[in-house]
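Proteins come first, then strands; the chains are lettered A, B, ... in the order of their sequence lines, and each starts at number 1.
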Amino acid sequence: MLIKDVLTNVPIGTAVEVAGWVRTVRNHKGKNPLSFITVNDGSCFSTLQVVATPTLPNYETEVVHLTTGCSIIVKGKLVESPGAGQPVEVQADEVHVVGWCDPENYPIQPKRHSFEFLRTQAHLRPRTNTFGAIARVRSTMSLAIHEFFQSRGFIYLHTPIITTSDCEGAGQMFRVTTLEPGQEDFEKDFFGCKTNLTVSGQLEAEAYACALGRVYTFGPTFRAENSNTPRHLAEFWMVEPEMAFCDLTDDADLAEEFLKYIFQTILERCREDMEFFNKWIDENVIERLENVVQSEFVRMSYTDAMEILKKANRDWQFPPEWGKDIQTEHERFLTEETFNKPVIITDYPASIKPFYMRVNDDGKTVAAMDVLVPKIGEIIGGSQREERLDVLISRMESLGMNPDDYWWYLDLRRYGTVPHAGFGLGFERTILFATGMSNIRDVIPFPRTPRWAEF
RNA sequence: UCCCCGGUAGCUCAAUUGGUAGAGCGGGCGGCUGUUAACCGCUAGGUUGUAGGUUCGAGUCCUACCCGGGGAGCCA
């Protein structure tokens, strides 16, 4: 029986059986000895208080020696709790110790640990309040993502992890090879050519969108960038919808609806976990999410955003200038100081965006859009794709790319081409925003970053 | 990769101008008539990240390296 159900669905007086890990133990040894054991099984944030007395045959031999981390199975009766901290508790008829936990060596103590320390104990940190809550929120968000797309007629697509295509501009790649170190003859390699871990499923998703209409991917992505920040991982999860017969405005509409849906979902379904984050991690996180769900996102062109930045009376480390990238300090100014909500920036200069984005009529900008949120910065990057064969080829050539390498991608424009658009959402960055956590290494179970692939 | 800050007990941290390394929590033992990260008493626990150097003397100063955090770049 899950503790989640015991605490919400089971009437007082019911015989229950729960299995979980001991969080804390309080023993009283006076004239009226008894023990309070709080147990968590991960099914919900709350613990269940178990009351054990010396009438248990193993009370002296086992129960009083329980410590944090022990695994137990408890049979007993659910009763109203006379104590103040919890409405109900279990009066134990049986406490079976499944696994002992040496308290001298067990790293997880019933106290506050630093996240830095817990990262070195990534196999045990899910037993803490914070990491249990993150795991449940992450799972609920994953389901919400599928619900959102499936209910709108999107087909869930699995794009390859090993690829030969280079989604230009998406960063450094991890080589996949069976060659011995030093060998450079790719014809002798496993695939007979140079292969990498994917940096994006977009190009393949476009192929399926140009057949099935609406598709989305949700899977791992790999970047070999030497990025050492609280917002970057070498292995992270990305959601990439792609829609045929769709322009940039439709794309931005989808992104806005999508974010609102997943935040709304965790506010509704992860109330207890969210209240924990709000109390201990970020005292404004619930209010911020509610604002996002209720408010309209700001939408403005890159050109207009540059005007706002230029008019701002402040010393920029990177002075804003048309044609240059929007820097982190600019993003924060827009999302945190100017609007204090998500901002969608559209129509970036072609010179700073990749080849596949559709060239606008002005010839200088492309139909790109980034969704920026307070604190985290960019969580979505997307665009309308260039569907005109001649424009796409000349764009590739001017960037020094060989169109022959992208023959199948160009076929999509040769045979029944169609306006289409899509975006990529960084899943972990979205969890950061949703939980108020500040380091991306704490919202994925086993993070991979430069010089760190333990566990 | 660059800039800044840090590394002391199992964990979280303290240690004056360079002068005998401490506390809280956790652990062990004892006490406590229902507790809430319980409380009270006693107790064990350290090659101060690594390797050099300066000094009568280094946790403290210098050099190099390793690891971590924050910021930047790259991006999601």
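Heavy atoms of A:Gln86 sit under 4.0 angstrom from at least one base atom. Heavy atoms of A:Glu329 sit nowhere under 4.0 angstrom from any nucleic acid atom. Using a 4.0 Å heavy-atom distance criterion, A:Pro33 is classed as making no nucleic acid contact. Counting any heavy atom pair closer than 4.0 Å across all strands shown, A:Leu34 reaches a base atom. Among the protein residues, A:Glu235 comes within range of no part of the nucleic acid, since none of its heavy atoms lies under 4.0 Å from any strand. Residue contacts for A:Pro103: at a heavy-atom cut-off of 4.0 Å it reaches the sugar-phosphate backbone alone, with no base atom in range.
Salt-bridge annotation for A:Lys375 and A:Asp282: present, with a side-chain N of the basic residue lying under 4.0 Å from a carboxylate O of the acidic one. Looking at A:Glu428 and A:Arg138, a side-chain N of the basic residue comes within less than 4.0 Å of a carboxylate O on the acidic one, giving a salt bridge. A salt bridge links A:Arg299 with A:Glu256: at least one charged nitrogen is closer than 4.0 Å to a carboxylate oxygen.
Between the side chains of A:Thr449 and A:Arg451, not a single donor N or O lies within less than 3.5 Å of an accepting N or O.
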Taking Watson-Crick and G-U wobble pairs with both distances under 3.5 Å, convert RNA chain B into its dot-bracket string, 5' to 3', dots for unpaired and | for cross-strand pairs.
(((((((..((((.....[..)))).(((((.......))))).....(((((..]....))))))))))))....

How does protein contact run along nucleotides 3-15 of chain B, one letter per nucleotide 5' to 3', with B for base contact, S for sugar-phosphate only, - for none, heavy atoms under 4.0 Å?
-------BBS---

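Regarding contacts with the backbone of B:C32, every side-chain N or O of A:Arg26 stays at 4.0 angstrom or more from both OP1 and OP2.
Both stacking criteria are satisfied for A:Phe236 over the base of B:A76: a centre-to-centre distance under 5.5 angstrom and an angle between ring planes under 30 degrees.
One atom, CD of A:Glu454, and another, P of B:C66, lie 19 Å apart when rounded to the nearest Å.
Outside the 6.0 Å centre-distance limit, the rings of A:Tyr216 and A:Phe148 are not counted as a close aromatic pair.
For A:Asp251, there are no salt bridge (charged side-chain N to carboxylate O under 4.0 Å, His left out) partners two or more places apart in sequence or in a different chain.
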